[in-house]
Structure formats: structure tokens, C-alpha cells
Novice: 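Encoded as C-alpha cells, here's the structure I'll be asking about.
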There are 2 protein chains.
Amino acid sequence: MATVRKSTLSDVARRAGVSATTASYILNGRSAQMRIAPATQDRVLKAAADLRYRPNPSARSLRTSTTRTVGVISDLVAGGSFASQMLTGASAAARMLAHLIVIGESQGDPQLEALLVEEMLDRHVDGIIYATLATSEVSVPRPLRQQRVVLLNCVDRATQLPAVLPDEYEGGRTAVAELLAGEVPGEIHVVGEMSSEGGSLAGPLRLDGIRDALREAGRDLAGVLSCPWDVAPAFDVVDGFLRDGGRAAGLVCLNDRVALGTFQALAEHGLVVPDDVSVVSFDGSELAGWLRPRLTSVAIPYADLGARAVEMLLDTKEQGPSVVRVPMPVARGTSVLRAR
Amino acid sequence: MATVRKSTLSDVARRAGVSATTASYILNGRSAQMRIAPATQDRVLKAAADLRYRPNPSARSLRTSTTRTVGVISDLVAGGSFASQMLTGASAAARMLAHLIVIGESQGDPQLEALLVEEMLDRHVDGIIYATLATSEVSVPRPLRQQRVVLLNCVDRATQLPAVLPDEYEGGRTAVAELLAGEVPGEIHVVGEMSSEGGSLAGPLRLDGIRDALREAGRDLAGVLSCPWDVAPAFDVVDGFLRDGGRAAGLVCLNDRVALGTFQALAEHGLVVPDDVSVVSFDGSELAGWLRPRLTSVAIPYADLGARAVEMLLDTKEQGPSVVRVPMPVARGTSVLRAR
DNA sequence: CTGTTAGCGCATTCAT
DNA sequence: ATGAATGCGCTAACAG
């Protein structure tokens with residue numbers, strides 16, 4: 001705990017034989033517009049280096065009421081690598097801009113959320129990223145609306161706040177492109193439901209992309225095996241479909257958990273991926289890489305989303321309300337039958 | 001951005017007709033030891049409420065050189081719900097103690113790590129949690145050693161810093177208990193290697209627990225199918241084992257990914273879990289819940305680890321170097337053949 | 001019991 | 001081109 005006494009600005013100034021003012025100007029890169037003598041400048045810089053001078057952030061904040069921190073408030077309940085990846089991206093971007101990230105998890109509790117917002121505002125964070133696990137429509141807490149805010153993975157129709165989201169529509173098209181790059185000599189179905197339960201916006205957009213891309217390729221969507229986006233429901237619906245004599249050459253699963261359930265059902269019926277059925281999916285989670293065969297999945301670019309959000313938030317060019325769509329890259333596996 | 005002008009301590013004092021000092025004492029709950037008149041107290045409290053007074057953290061920090069923030073530095077590369085859960089726990093605990101969490105990911109890069117430490121120290125965080133993804137032995141960066149630090153999921157032999165870790169040995173025993181609570185009429189093998197590759201300390205401890213518990217039950221460990229802790233290697237080793245005529249009634253997988261590979265190999269050989277083979281595992285990841293049948297897994301209590309670490313860090317009772325072992329709960333599935 | 005006074009470290013306006 | 005003076009909002013000796 002015996003921290004070495006930190007040297008202050010005036011220590012530096014004294015050592016360089018100048019006033020604190022001058023030192024401050026120089027250390028803040030304002031020497032140019034202040035037209036300070038190069039010699040003075042060097043002396044100050046040297047003194048600062050010798051003393052290992054580090055400005056005191058609290059003092060600076062008190063003066064400037066800016067803290068070089070950005071708050072991230074998210075609803076994400078534990079689990080899923082969402083938080084991890086998103087924070088990785090945000091954290092890296094923040095570092096580049098000399099900021100630190102402070103986090104707050106609302107656990108989906110509006111009251112807790114309000115508290116966290118309050119607390120961050122008290123601490124004068126320079127901006128807040130409001131993130132949700134599932135792409136959804138939200139209503140941001142009142143006090144946030146007056147602040148510098150960027151929504152991540154969600155939109156708020158009412159307030160038109162800037163937001164950054166995955167490009168789900170293009171993602172849908174990408175999934176189809178992956179499928180049709182292979183051999184799919186039969187019907188193509190989607191697995192997963194569209195009902196924007198939980199307010200998810202992703203489903204309909206992905207489906208639009210899928211439909212359009214299919215149509216443009218002169219194919220069409222044979223049907224949708226509707227089920228909640230999870231393993232067991234997907235198993236059930238695909239199992240039922242096959243049991244009823246259903247048959248498909250290509251399956252587009254709306255997320256990787258659905259794909260896992262689908263794999264399980266296909267296996268149960270002795271169907272082999274990709275020889276009998278080609279499968280593509282969305283999420284690009286670790287799971288996709290674990291399956292046998294490895295699953296081709298259109299990934300949610302969490303890290304990119306986090307990074308873009310921070311950049312937008314800190315970008316001083318006061319851009320008005322704007323929605324940025326981040327491309328969804330493909331994590332390519334071997335779950336699509338190769339052409340020829 | 002039109003933030004309402006925040007009221008200050010002296011605003012409150014003026015409104016209550018007292019000096020800033022008195023207001024400060026009262027607002028900081030020191031009215032008792034200062035023996036301030038109850039009437040005065042009420043007036044001040046009321047004034048503060050009326051004005052929606054919120055202390056300015058920067059000013060307070062400048063004065064007290066304490067920031068009510070704790071830094072979390074971790075090596076975790078994106079992915080895995082480790083970060084997510086750990087931060088959830090840490091964040092919740094921090095909230096209880098009126099602190100906020102600031103994060104820094106070193107991505108395993110020592111240089112970046114040093115920068116992050118530096119930056120957090122500059123900002124006067126009240127303490128730092130140094131976390132690693134894999135339970136391992138580390139060497140904490142020099143500047144940290146003088147600080148208030150708690151290691152999470154790792155130990156540093158050299159410095160004897162306080163640490164919080166999962167109780168891997170008891171976890172091993174728990175895994176066996178789960179297995180033997182069922183019917184396991186044949187050999188029991190472990191799947192996964194012990195080599196502390198990546199410096200992981202978990203393997204040997206789990207194995208010790210497994211061995212001891214087995215011995216006490218009058219059984220013994222038939223062998224270890226050694227492989228890196230991942231899906232494909234596990235598939236390969238179990239597949240090879242079965243192909244060579246190997247046979248087991250119980251398998252203890254050293255993590256859930258190994259268990260997945262094991263499931264895949266068993267399925268390939270027409271073996272059914274749990275009828276033919278009972279499987280238990282470690283990690284308690286989401287994956288365990290997704291498998292069919294659901295996997296019984298001894299969970300790593302990430303959230304608890306995070307919470308305990310924060311509590312230890314902020315606990316003023318200056319406890320010396322100490323290592324806390326957190327119990328590993330069971331996420332019970334149906335991968336063990338039920339007795340009778 | 002309460003008020004006066006004095007900084008914490010820094011950025012900045014205004015002189016020079 | 002540089003310095004003196006001031007105050008950000010708060011806490012804490014030290015008076016009374």
C-alpha cells in the first residue's frame with residue numbers, strides 16, 4: 001500500500017522552472033497555439049518524464065467535469081458469451097480513445113437499471129451504452145434520454161437515439177448464399193419462430209433476407225418449422241416434421257441452439273449432415289465449432305458492435321440520430337454439402 | 001444534454017441555514033459522533049432531498065483519494081461465459097458495497113496488461129481483481145503487488161496474495177458422488193488430461209478428489225483417457241478407446257466440452273447415455289443443459305467467485321494472505337443411470 | 001454543537 | 001510567451 005508519493009503538476013513545473021500554467025499548456029499539447037518556446041517545452045516534458053508525472057484524474061474531472069469513462073448498461077443475465085465479446089470490443093475501442101469502461105448489469109430489472117443509470121450519471125461518465133442481449137425494441141429509462149447514449153443491439157422507436165445493430169437482413173441473405181454455394185437438391189426450410197417474443201427484431205429481418213435471396217436464386221422457401229429459439233423445442237419440431245414424413249435438403253436454423261436441436265433430431269432419424277441435409281445457422285457461437293460436422297453459422301459480430309458503439313458515443317462530430325448496421329461474417333463449417 | 005444544474009453541498013447548506021461542514025457531517029452519517037442537533041439534521045436532510053442533492057464523486061475523490069470503484073483485470077479472450085458470469089457476481093457485490101466495476105481485458109498480452117494496471121492505478125481504483133479464465137498459477141505484474149489485490153481463479157506462489165478459487169478437490173469428490181448415486185456396474189474412467197498445460201491447476205485437484213472418493217467407496221479408477229480439454233480431442237480418444245474394445249460404465253469428463261466429444265463418440269458406437277454409460281462432467285456450462293440427455297456437471301461458480309473476490313477486496317478487516325475455496329454446485333441432468 | 005479555514009490537483013482567465 | 005490568481009465540490013483540522 002506504500003504507494004510512492006505521486007508527483008503533481010506543480011512538482012513538474014517547479015522542476016522545470018516554470019509556472020504550473022505553462023506546464024499545463026505543454027502537457028496538454030497546447031504549446032502550439034500558445035506559442036511556447038521549444039526549449040521550455042523540452043524542459044517541461046523532461047521534468048514530467050523524470051518525475052513519472054501522471055495527471056490526477058479526479059482533479060481533472062473536478063475541473064472539466066469529464067471523466068474519460070463510458071458506462072455500459074446491459075440487461076444480460078449471466079451466461080452466453082454475449083457480454084464477454086461485446087465488452088471485449090468496447091473495451092478495446094475505449095482504450096484507443098483513452099477511456100475506461102464501467103459496467104452495470106440490470107438483470108432486466110427496471111428498478112435496478114434506474115439505479116445504475118443514476119449512479120453512472122452521478123459519476124459523470126462521458127456517455128452510456130445501453131445494450132440488450134436480444135436484438136429488441138426497448139424504452140430507455142427517462143434520465144438517459146437527455147444524455148449522450150448509444151443503443152447496442154436494440155432500438156427505441158420513440159426517441160430516435162443512435163443505435164448499432166447487426167445487419168440481420170444481409171445476414172439472412174448470407175445464410176442462403178452459403179447454402180446455395182453447395183448442393184441442395186431439395187426443399188429448403190427455416191427452423192425457428194418469427195414471433196417477436198421478447199421483442200426480438202432479428203427473426204423477421206433474417207427471414208426477409210432469406211426469402212429475397214432464395215427468390216433471386218430462383219428457389220423458394222418450402223416452409224418454416226416454427227419453434228422457440230432453443231435446443232429442445234427445435235428438436236421437437238424437427239423430429240415431428242421428420243416423423244410425419246417431412247423431408248428437406250436444406251435447413252436454415254435461426255440460431256445455433258436451434259441448430260443443435262436440429263442436429264439431434266436428424267441424428268435420431270439416421271440423417272447425416274451434410275450428406276442428407278445441409279444446415280446453416282445464425283450466431284456464430286462457440287457451439288457452432290463444437291458440433292460434428294462443424295456448423296456453418298452467420299455470426300453476430302458482438303465485438304464489432306461493442307467497438308462501434310463506443311466509437312459512435314465518443315465521436316465528437318455530434319452526428320444526429322443514426323442507426324448503424326454491422327455486417328455479420330460467416331463462421332464456415334462443413335455442414336453444407338459441397339457442390340459436385 | 002441539457003443536464004439540470006446539479007446542486008452542491010453548499011446549496012444544501014445554504015438552504016438549510018447551516019455551514020457546509022455541518023451539512024457534510026450530517027450527509028455522511030457522522031451526525032451521531034458529532035452530536036448534531038436532531039432539528040438541524042432534519043433540516044439538512046430535507047434540504048438535500050428537496051434539491052435532489054447528489055455528492056460530486058470527483059470532488060470527493062480528490063479529497064479522499066478513494067473512488068468507490070474496483071478494477072477487474074482479466075486475461076480472458078472473448079468467448080465463454082466466464083467473463084459474463086464472473087462480472088455479474090462482481091457487479092452485484094460491488095453494488096451492495098456502493099462501488100462500481102471498471103474493466104480491463106489484457107487479452108493475455110503482458111504489455112497491455114501493464115498499461116491497464118497503470119491506468120487503473122492512476123485513477124485510484126480502490127482495489128483490483130486479477131482474474132484468469134483457466135485456474136492457473138500466475139505472476140502478477142509488479143506494480144500490483146503493492147496494491148490491494150485479490151486474485152480470482154489463480155494463485156501467485158511468490159507473493160502470497162489473497163485469492164479465491166473453486167474448490168476443485170471437493171468438486172472431484174462431488175462428481176464421483178453423483179456417479180455413484182446411480183448404478184455404475186462396471187469400470188469408471190476419467191476423460192481429459194492432467195498435464196497442467198496452460199498452467200491449469202484444476203485437473204490434478206479434480207483427479208485427486210475423484211480418486212479419493214472412489215477409493216472410499218471401495219471402487220477404483222480404471223484409467224484416464226488422456227486428451228486436451230476440448231471437443232475433438234475427446235471424441236478421438238474415446239472413439240479410439242471404444243474401437244480398441246474398451247468398455248466403461250462410468251465416465252468422468254474433465255469439462256463439458258470433453259463431455260460433448262464423449263457423447264459424440266459414444267453415439268458413433270451406438271452407446272446410449274445413461275443406459276449403457278453414465279457420464280458426469282465439470283463446468284456447469286450452458287452446454288451441459290443442451291445435450292441429450294442433459295449432462296450432470298459439477299459447476300464452476302463463476303458468479304460466486306466474482307462476488308467473493310469483491311467482498312474480500314473491499315473488506316476492511318485487513319485480512320492477511322488467504323485463499324478462499326468456493327464450493328462447486330452440481331447442475332444435475334439425466335446422464336447418470338438411476339439406481340434400481 | 002457548529003462555523004472558519006484550508007487545501008486536494010488541475011485548467012483557465014486575465015494580466016504582463 | 002509566461003505567471004498569478006481563482007475555483008471546481010468536498011472533507012477535515014481547528015477553533016470557538
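First the proteins, then the strands, lettered A, B, ... as listed; each starts at 1.
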Novice: Strictly below 4.0 Å: does A/Ser19 bring a side-chain N or O up to OP1 or OP2 of D/dG3?
Specialist: yes
Novice: Under 4.0 Å from OP1 or OP2 of D/dC10: is there any side-chain N or O of B/Ser24 that close?
Specialist: no
Novice: Which nucleotide wins on minimum distance to the side chain of B/Arg63, given the candidates C/dT2, D/dT2, D/dG9?
Specialist: D/dG9
Novice: Does any donor atom in the side chain of A/Glu113 or A/Tyr130 lie under 3.5 Å from an acceptor atom in the other side chain?
Specialist: yes
Novice: Please determine whether a side-chain nitrogen or oxygen atom of B/Thr22 lies at a distance below 4.0 Å from atom OP1 or OP2 of C/dG3.
Specialist: yes
Novice: Below 3.5 Å is the cut-off: list the nitrogen or oxygen pairs between protein and nucleotides 14-16 of chain C, distance only.
Specialist:
none

Novice: A/Leu9 CG to C/dG9 C1': how many Å, rounded?
Specialist: 8 Å
Novice: Just to confirm, is there a sub-4.0 Å distance from OP1 or OP2 of C/dT2 to any side-chain nitrogen or oxygen of B/Thr40?
Specialist: yes
Novice: Considering the options B/Val70, B/Val72, B/Leu121, which one meets the side chain to side chain contact (heavy atoms under 4.5 Å, CB included) requirement together with B/Ile128?
Specialist: B/Leu121
Novice: Can you tell me how far P of D/dC10 sits from CZ of B/Arg68, to the nearest Å?
Specialist: 15 Å
Novice: With a 4.0 Å cut-off on heavy atoms, is B/Leu62 in touch with a base, just the backbone sugar-phosphate, or nothing at all?
Specialist: base
Novice: Please evaluate the base of C/dA11 for a donor-acceptor partner in the side chain of A/Thr21 within a cut-off of under 3.5 Å?
Specialist: no
Novice: B/Thr66 and B/Asp126: side-chain donor and acceptor closer than 3.5 Å?
Specialist: yes
Novice: Rounded to the nearest angstrom, tell me the gap between atom CD1 in B/Ile26 and atom P in D/dT11.
Specialist: 13 Å
Novice: Closest nucleotide of DNA chain C for B/Val18 versus for B/Ala59: which of these residues is on the 5' side?
Specialist: B/Val18
Novice: Ignoring hydrogens, what is the shortest heavy-atom contact between B/Ser139 and B/Asp156? Give both atom names and the distance.
Specialist: CA-OD2, 3.5 Å
Novice: Return yes if the base of D/dG9 and the side-chain atoms of B/Arg60 contain a donor-acceptor N/O pair under 3.5 Å, otherwise no.
Specialist: no
Novice: Atom CZ of B/Arg14 and atom P of D/dC10: how far apart are they, to the nearest Å?
Specialist: 12 Å
Novice: Between A/Arg15 and A/Asp11 (salt bridge meaning N to carboxylate O under 4.0 Å), is one present in this structure?
Specialist: no
Novice: Does OP1 or OP2 of C/dA11 have a side-chain N or O of A/Asn28 closer than 4.0 Å?
Specialist: yes
Novice: Considering the options B/Leu152, B/Val310, B/Ile129, which one meets the side chain to side chain contact (heavy atoms under 4.5 Å, CB included) requirement together with B/Leu305?
Specialist: B/Leu152
Novice: Mind calculating the distance between CG (B/Asn56) and C1' (D/dC8) to the nearest angstrom?
Specialist: 8 Å
Novice: Can you measure A/Leu51 atom CG to C/dC10 atom C1' for me and round it to whole angstrom units?
Specialist: 16 Å
Novice: Ignoring hydrogens and angles, state whether a donor on the side chain of A/Thr8 or A/Ser10 is under 3.5 Å from an acceptor on the partner side chain.
Specialist: yes
Novice: Can you check the B/His124 NE2 to C/dG9 P distance for me, whole Å?
Specialist: 9 Å
